[in-house]
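By convention in this document, chain letters (A, B, ...) are assigned in the order of the sequence lines, proteins followed by strands, and residues within each chain are numbered from 1.
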Amino acid sequence: MIKPRNHLHRLEAEAIDIMREVAATATRPVMLYSIGKDSAVMLHLALKAFYPSVPPFALLHVDTTWKFQAMYAFRARMAAETGMELIVHTNQDGLARGIDPFSAGSALHTQVMKTEALKQALDAGRFDAIFAGARRDEERSRAKERIFSVRTASHGWNPKAQRPELWSLYNTRLRQGESVRVFPLSNWTELDIWQYIHAEDIPIVPLYFAAERPVVERDGQLLMVDDARFPLQPGEVPQMRMVRFRTLGCYPLTAAFESDADTLDAVIGEMLIARTSERAGRLIDHDEAASMEKKKREGYF
Amino acid sequence: MLDPARQPSADISDLLAAEAATPLLRFVTCGSVDDGKSTLIGRMLYDATLLFEDQLATLKSESRVHGTNGDDIDFALLVDGLEAEREQGITIDVAYRFFATARRKFIVADTPGHEQYTPNMATGASTAELAVLLIDARKGVLEQTRRHAHIASLLGIRHIVLAVNKMDLVAFGKPTFDAIVEDFAGTTSDLGFQTVQPIPVSARHGDNVTETSGNTPWYDGPSLMAYLETVEIASGSGEGPFRFPVQWVNRPDADFRGYAGTVAGGEVAPGDTVVVAASGKTAAVSRIVTRDGDFERAGTGDAVTLVLDREIDVSRGDMLAATRERPALADQFAAHMVWMGEDELVPSRPYLLKAGRRTVPASITGIKHRIDVNTRQQLAARSLHLNEIGVCNLSLAEPIAFDAYKDNRTTGSFILIDRFTGATVAAGMIDFPLRRALNVHWQEMTVDKAARAAQKHQKPAMLWFTGLSGAGKSTIANLVEQRLFARGCHTYTLDGDNVRHGLNKDLGFTEADRAENIRRVAQVGKLMADAGLIVMVSFISPFRAERRLAREVMEDGEFIEIHVDTPLEVAEERDPKGLYAKARAGELKNFTGIDQPYEPPEAPDLVLDTLSHPPDALADQVVDFLSEFGFLSLPQDS
């Protein structure tokens, strides 16, 4: 525990309070688990919130089958260590249609294998409260997102129908078929996440640390050749370079960058002098400035 | 912001440790878009060098498309989030911004200033410790400024920064600034602010935003940023008596029982005796459990799990409190409320009240007055509409533990929830408990409902016929009663028109009066069911909320909602009482189906289709339903 009381302590207590409120009021809560650093913090907070009980909900991973191998290994390790149930869902229909990030492109792949897959998983589990690690500082349209964000039966988000949130009195009431996305990390910044990981010694996927990895350079971005499915273009030869990742997702959609930061201290130090914000590494955002708001209306987180 | 480049020798771990100890300040900014509020916040983010290169690139390109400053950077575009707002150039919702300096972390609630956005400002202020009020130097203190100050005060904010903006447009004139400061002090002296810091700024040019400006040599105070970094705010931690709303009971196995929650006031240590506010039972705290080991004490804001030294009845919603200074315990209280619902407040309609971790049915039993947010005048009111603030009496289905809002913002606040839509329709700040309910107790009767019903060989029920005027409700209810009477059942029919001749002759047809009309009928019907009768109620009852109220008055299974389903065109064509014609001619106001909506039942127990069946057949359907569900013959041995 962080002492004396400071901003991290307040953010931690707020997130724990939110998680307990959901556990106490939801019928079927679930925590989205994307294996990244924000998920690592969420999982850590959940373990704290319900200690000595195991958190009373499952972890849900929407798996496109295109995550980094290191992420799958880490996922297995965390499920084993926490004793929490892990639900893995893949859009089998999309898989059968051969939707992959290389041939289908990032927009269609995200729509089918992430957005639609998420809806399938939520419908199948009849989940009424879904924890996710989104933060208000990530992107402009998120600055007005509620901590408890109500979604229609078809998972739509209507910016006009969001409830005012006063004090810490969260309105958890839902109509038939409605569900709520809950963002306990709403008030955290990227720096808070890293500081908390540092202060609490939270395990994260090694891909955040620099190492020699096979990459190719394409359209100015470095992509890691994580397995044999990577279609090399004529003339492309994977090169070993010292790289790391700022965010983690599907490996064909997540750019690496060159770095020597192979420890947590070095990563944070590098972040503090970074001049490129976090989402720049996510290829899906480059389409247009308000893309996140559109995706959110369609049910993407 | 940390900057290792400036401190090359510093070890990252030391830096992090130093920065991890920085305190957090939450503040709210208010002022309309014309006052340059978004520009000011954008400027603070910009000057605190928290903008990344790609954000800056986006900002520069958007400034050319949407900007109002020509080729200059329009800082407001940094903070106006949703697409619709960017296009309209206004801010329509609360947005949260984050920045940090070496001394403090800041969470900014950025709220719009237009009159109709009172709820947004209340929302932003509810979690803030300080408010930055913007004033346009050219316009001076406006009604809007007084409104912002008033709402900030109402929500318990005690520290104000008066940012007099656009000083560049008044040639940085000291007299202008002084006049505004004096005007503000004069009109807000009774609002209970502990500190008011006026600062002359130009958000667009950066004067006195992060650095003190050479343009205001007459001003010797701090820049806005410097002030926010250093202003002393009582943390509230450890102050006041111990309060702990129980959020979740932690029972991993038979050997451990803990109460999880966040300390809402004061502090606690193992060995302290605490009381369950509702029951008066006491126990001592034996452990304060966390995953990082047991604590020796827990203070306000700590999320912990308490273990007590003996088994007493405690569940979610209960409040553990200091035994000496206990919270109020009452089922009625007076409160200030900010109405946030699209639909107006309807007195006597049941809402859900959430206070602490407790959610109970509640209704507004009286509106003492409405407050004009601009002039602070008290006005008479029969209802509250969106954006309005009022002082009301509330009555709850069960007593709850609470404090006055002025003593504790966490245990003195509540929200009201619409039971049908689930929307948050009001935010409330409790003033004081009302004692008058305490001396009216229930009288226990020896001959009870079951005995009366058994004597009549029937199960009491309330058959609620709802539908448009002229749908055929009374006709069918009358036929049903004839059939039941013939079978020897004990019945009574409450007819909408008949009741309005007597019991409810004082009520009209507004939404509020209709709600009261239904409440009274439901209560009368309940008494009749208690007497063992099968009661028929034939009422248009257009609103779901009131029909739900009637259902909840009755015991499970006693309330049978029957939708007499006749399309409006057909009912209007029948028009047995000539009422539709009058309504169409404008002679009748609030007529269901014409200028007031009818909300059909979502899950009626029975639907009677008057187009395809005659009334006799429909009455048979109702009797068959009662027979099938055992209302008409009570087993003799029961």
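- The choice from B:T262, B:T410, B:V289 that makes the most heavy-atom pairs within less than 4.5 Å of chain A is B:T262.
- Counting heavy-atom pairs closer than 4.5 Å to chain A, the top-ranked of the candidates B:I415, B:V425, B:T127 is B:I415.
- Under a cutoff of 6.0 Å and an axis angle of 45°, A:R175 and B:F420 form a cation-pi pair.
- A salt bridge is absent between A:R163 and B:E342; no separation between the charged side-chain nitrogens and carboxylate oxygens falls under 4.0 Å.
- At a 4.5 Å heavy-atom cutoff, the contact between B:A260 and chain A is made by backbone and side-chain atoms alike.
- Ion pairing of A:E200 with B:R291 is absent here, as no side-chain N (NZ or NE/NH1/NH2) approaches a carboxylate O to less than 4.0 Å.
- Outside the 6.0 Å centre-distance limit, the rings of B:F98 and A:W188 are not counted as a close aromatic pair.
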For this session: With side-chain contact (heavy atoms from CB on, under 4.5 Å) as the test, would you mind laying out the steps for A:L166 and B:M429 before giving the verdict?
Result: CA-CA 11 Å; A:L166 294 103; B:M429 291 136 284; over 6 Å; no

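- Taking the side chain as every heavy atom from C-beta outward, B:N250 and A:P52 approach each other to under 4.5 Å.
- Proximity to chain A is limited to the side chain of B:F256, based on heavy atoms less than 4.5 angstrom apart.
- Counted within 6.0 Å of CG on B:D253, heavy atoms from surrounding residues, nucleotides or ligands total more than 12; the atom is thus considered enclosed.
- Within the 4.5 angstrom heavy-atom criterion, no atom of A:L174 approaches chain B.
- For chain B, the nearby part of A:T25 is the side chain; its heavy atoms alone come within less than 4.5 Å.
- For the pair B:A303 and A:I16, the tightest heavy-atom approach, listed with the atom from each and the gap, is CB-CG2, 3.7 Å.
- With a 4.5 angstrom heavy-atom cutoff, B:V304 touches chain A only via backbone atoms.
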For this session: Apply side-chain contact (heavy atoms from CB on, under 4.5 Å) to B:R409 and A:S168, showing your working.
Result: CA-CA 10 Å; B:R409 286 171 88 179; A:S168 53; over 6 Å; no

Exercise. Do B:K105 and A:D192 pass the side-chain contact (heavy atoms from CB on, under 4.5 Å) test, and can you show the C-alpha distance, the side-chain angles, and the key distance before you say yes or no?
Worked result: CA-CA 10 Å; B:K105 289 256 178 182; A:D192 295 328; 2.9 Å; yes

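- Side-chain contact between A:Y51 and B:P252 is absent, with no heavy-atom pair separated by less than 4.5 Å.
- Contact annotation for B:R358: neither backbone nor side-chain heavy atoms come within less than 4.5 Å of a heavy atom of chain A.
- Using a 4.5 Å cut-off between heavy atoms, B:A128 does not touch chain A at all.
- The line from CD1 of B:I417 to OG1 of A:T172 is 6.5 Å long, rounded to the nearest 0.5 Å.
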For this session: Mind running salt bridge (Lys or Arg N to Asp or Glu O under 4.0 Å) on A:D17 and B:R357 for me, showing each step along the way?
Result: CA-CA 11 Å; A:D17 188 79; B:R357 304 303 169 187; 2.8 Å; yes

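- Of the listed residues (A:E14, A:R20, A:E165, A:E178), the one with the most heavy-atom contacts under 4.5 Å to chain B is A:R20.
- Across B:L24 and A:R10, no two heavy atoms sit closer than the pair O-NH1, 3.2 Å.
- Distance check, rounded to the nearest 0.5 Å: OH of B:Y96 to CD1 of A:I147 gives 7.5 Å.
- The closest donor-acceptor contact from the side chain of A:N171 to the backbone of B:G422 lies under 3.5 Å.
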For this session: Output, in order, the C-alpha distance, side-chain angles, deciding distance and verdict of side-chain contact (heavy atoms from CB on, under 4.5 Å) for A:K144 and B:V94.
Result: CA-CA 6 Å; A:K144 302 186 178 192; B:V94 186; over 6 Å; no

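- If you measure heavy-atom distances from A:T189 to chain B, the contacts under 4.5 Å come from the side chain alone.
- For the pair B:K354/A:R173, no side-chain contact is recorded, criterion being any heavy-atom separation below 4.5 Å from C-beta on.
- In summary, the aromatic rings of B:F414 and A:W167 are positioned with their centroids too far apart to meet the 6.0 Å limit.
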